[in-house]
Amino acid sequence: MSFKEKVIYQIYPKSFLDTNQDGVGDLAGIKQKLPYLKRLGIDMIWLSPIYVSPQRDNGYDVADYTAINPLFGTMDDFDELITAAKELGMEIMLDMVFNHVSTEHEWFQKALAGEQKYQDYFILRNEPTDWVSKFGGNAWAPFGDSGKYYLHLFDVTQADLNWRNPAVREELFKVLRFWLAKGVKGFRFDVINLIGKDEILADCAENDGKPAYTDRPINHEFIQMMNKATYGADPEVVTVGEMSFTTVENCILYTRPDREELDMTFNFHHLKVDYEDGKKWTQMPFDFAKLKELFHTWGTQMSAEQGWNALFWNNHDQPRALNRFVDVDNYRVAGAKMLASAIHLNRGTPYIYMGEEIGMLDPDFESMEQYVDVESLNAYQALLAEGKTEQEAFEIVKTKSRDNSRIPIQWDSGEFSGFSKVTPWLSLGKSAKEINVAKELQEGSIFSYYQKLIRLRKEYPIIAQGSYEAFLAEDPQIYGYIRRLEEQSLLVLNNFYPQETTIELPEEFLTGEILINNYPNEKLIEKLTLKPYQTVAIYR
Ligand code: NOJ
């Protein structure tokens, strides 16, 4: 099966299922729930980092790329997980954090101790540039007492690697070969468009310095080298690059098959439509016109140039899309299905973030004490420093924090929601009693809607292979698109609002068949009324 036909499910291991009762999820917990994932119908499971790490950024600060963090279990647990998943027809995708390592990694420690070989593994300079770290503050920190500075685009404990050094590249390629030999069939590459830094680093006042270190031409060369040296030899391996602050032009280059870089890319533009003036730590209702324009631009351009999108609403860095785009007090279920259709019938490979398939919500925390994420804690301090009151700063963190999606999965309505028998590492969501897997499987319909979407992808080649064109681009409520493959067409209409709206159905679809709908099936008539958050897909 090509990566275009697959559906990928993301697990944040810390919060999936705790089987050894330490309050943290583990590999044995993932293995235990494989039948649940099989029932959903997904093909591949992406695990957020499971390696040895001080967990300052929940594993995105790797201290040993080829050892399992005892927090999650052992290498035997991992081997068992891969085997058990394979038996059920599912594969494992690992998260490769290759832009930086934890400062606890032995490479950094040896560098600090004065070994020249390892100092060349990092980006050291006599003078820092003006770049701002993505987690706040200047992106450079003193390198011991050497008088030099090392670059950290993220936390001060995440030191950027020097990809210009062939020895660094070879170390990282060895890591990929290690996991490939274990039977891993997919890689998600963390902020992979930041690995290629220019030889001479320059100040850049624009956008916190991002243009100076993002999507540099050499970045493509490094990914091509990685492809050739490792996964490129195995057509079954699926690769997805996380692209920070990128452009559609670059993502076409990263994913066009003849370039031999990656299968697909994640971009985040559609998840910044509720950022005031482009700033994350603000509050603003989402800008629907902008959301549509982004979907249409990426959809059409990637389609025209043979690029490939990774499609998603949620991940471990985003508050739940349901809370951002839907009136969840009144339309949680209809809204969850509409969002799912908008992505799963689109052109690209869909990703489901754990809990999305039951319509989980943000946790509704009550105080700052409940947050643990380093970025959120830094942002809170920065908001106070800007003059916001504690209450104002808290409200902003509450809507934007990454902890919103990192809370434990709500398996049932019991104490600790079936995630653990002890207090979890991060507070549970307030909705656990009403929204949980047990209840959803018994009487809900979001899970079965996802099952159907996944099934349709396998049954109708137009979903994986069809081209993309915008439909009703100017409509103030509807996000619509048409997929085409030879003689077949698929029209997908999504009402993003709690008000009804009527559209004119093009004649060619009047005789079509409704593939999926989140309201009881309706007659296809010229003046078609869509109910609140209605989605309908018409095939002919
Ligand atoms: C993106 C990851 O998804 C995020 O969780 C992490 O903090 C940064 N990259 C740094 O690795």
Side-chain angles (χ1 to χ4, degrees), residues 8-16 25 46-65 69 93-105 108 122-123 131-137 139 141 150-161 163 172 175 186-195 197 208 210 213-215 219 239-246 262 264-269 271-272 280-281 310 312-321 351 353-354 371-379 400-407 425-426:
I8 302 177
Y9 186 91
Q10 185 193 354
I11 289 182
Y12 201 61
K14 266 188 138 166
S15 292
F16 196 63
W46 152 27
L47 302 179
S48 278
I50 50 173
Y51 326 105
V52 168
S53 148
Q55 298 285 313
R56 167 91 180 171
D57 188 19
N58 285 328
Y60 287 90
D61 46 336
V62 179
D64 185 344
Y65 286 110
N69 192 327
M93 168 183 272
L94 288 185
D95 209 318
M96 292 292 145
V97 191
F98 282 175
N99 176 67
H100 44 265
V101 288
S102 163
T103 48
E104 287 187 19
H105 194 291
F108 193 82
F122 297 94
I123 300 180
W131 306 350
V132 179
S133 149
K134 293 185 189 264
F135 291 167
Y150 69 93
L151 177 66
H152 63 90
L153 290 180
F154 292 86
D155 185 55
V156 63
T157 65
Q158 291 164 302
D160 280 54
L161 287 165
W163 270 72
L172 299 174
V175 171
F187 295 112
R188 177 263 188 192
F189 292 104
D190 193 69
V191 291
I192 199 70
N193 62 331
L194 309 184
I195 57 173
K197 273 90 174 179
D208 292 344
K210 291 188 184 92
Y213 61 76
T214 305
D215 290 327
N219 211 93
T239 54
V240 54
E242 185 203 29
M243 300 295 162
S244 172
F245 192 71
T246 191
L262 299 165
M264 58 187 125
T265 50
F266 287 115
N267 81 80
F268 296 88
H269 298 289
L271 295 176
K272 294 182 179 168
K280 171 167 177 170
W281 300 97
F312 71 109
W313 285 115
N314 296 290
N315 71 20
H316 63 289
D317 292 331
Q318 300 290 329
R320 293 275 175 188
Y351 286 69
Y353 178 69
M354 61 180 204
Y371 291 91
V372 302
D373 167 37
V374 53
E375 185 202 30
S376 311
L377 300 179
N378 289 352
K400 292 291 164 75
S401 172
R402 308 193 294 180
D403 282 339
N404 279 316
S405 53
R406 296 177 176 187
I407 59 165
W425 71 281
L426 182 62

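Just so you know, ligand 1 is whichever comes first in the structure, and atom 1 is the first atom listed for that ligand. Below, all heavy atoms of this structure are taken into account, side chains as well, without hydrogens, waters or symmetry copies.
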May I ask whether [X] has any heavy atom positioned less than 4.0 angstrom from an atom of ligand 1?
{"X": "Arg188", "answer": "yes"}
{"X": "Arg56", "answer": "no"}
{"X": "Glu375", "answer": "no"}

field: Within reach of ligand 1, part of Phe135 (heavy-atom separation under 4.0 Å)
entry: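 The side chain, only.
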message: For Lys134, which part has a heavy atom under 4.0 Å from ligand 1: side chain, backbone, both, or neither?
response: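 Near ligand 1, Lys134 shows nothing, with every heavy atom at 4.0 Å or more.
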message: Going by the rule salt bridge (Lys or Arg N to Asp or Glu O under 4.0 Å), which residues pair with Arg320 if we only count those two or more places apart in sequence or in a different chain?
response: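 Partners of Arg320 under the salt bridge (Lys or Arg N to Asp or Glu O under 4.0 Å) test: none.
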message: So, using salt bridge (Lys or Arg N to Asp or Glu O under 4.0 Å) as the criterion, who are the partners of Asp317 when residues are at least two apart?
response: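 Counting only residues at least two positions away or on another chain, Asp317 forms a salt bridge (Lys or Arg N to Asp or Glu O under 4.0 Å) with Arg402, Arg406.
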Which atoms of ligand 1 are found less than 4.0 Å from any heavy atom of [X]?
{"X": "Glu242", "answer": "1 (C), 3 (O), 9 (N)"}
{"X": "His316", "answer": "2 (C), 3 (O), 4 (C), 5 (O)"}
{"X": "His100", "answer": "10 (C), 11 (O)"}
{"X": "Arg406", "answer": "5 (O)"}
{"X": "Arg402", "answer": "4 (C), 5 (O), 6 (C), 7 (O)"}

- prompt: Minimum heavy-atom separation for Leu161 to Ile123, with atom names?
  reply: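 It is O-CD1, 3.6 Å.
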What do you reckon, are the aromatic ring centroids of [X] and [Y] less than 6.0 Å apart?
{"X": "Phe154", "Y": "Phe135", "value": "yes"}
{"X": "Phe245", "Y": "His269", "value": "no"}
{"X": "Tyr353", "Y": "Tyr9", "value": "no"}

query: Do we get Lys14 above Trp425's six-membered ring, with its NZ or CZ under 6.0 Å from the centre and within 45° of the axis?
result: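 Checked: cation-pi criterion met.
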Looking only at protein heavy atoms, which one is nearest to [atom], and how far off is it?
{"atom": "atom 11 (O) of ligand 1", "value": "Asp190 OD2, 2.7 Å"}
{"atom": "atom 5 (O) of ligand 1", "value": "Asp317 OD1, 2.7 Å"}
{"atom": "atom 6 (C) of ligand 1", "value": "Asp57 OD2, 3.3 Å"}
{"atom": "atom 8 (C) of ligand 1", "value": "Phe154 CE2, 3.7 Å"}

query: Parallel, tilted or perpendicular: which fits the ring planes of Phe312 and Phe266, with parallel below 30° and perpendicular above 60°?
result: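 Plane angle over 60°, so perpendicular.
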- request: State plainly whether the residues Glu375 and Lys400 are in salt-bridge range, i.e. N to O under 4.0 Å.
  value: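 Judged by the 4.0 Å cut-off on N to carboxylate O distance, Glu375 and Lys400 do not form a salt bridge.
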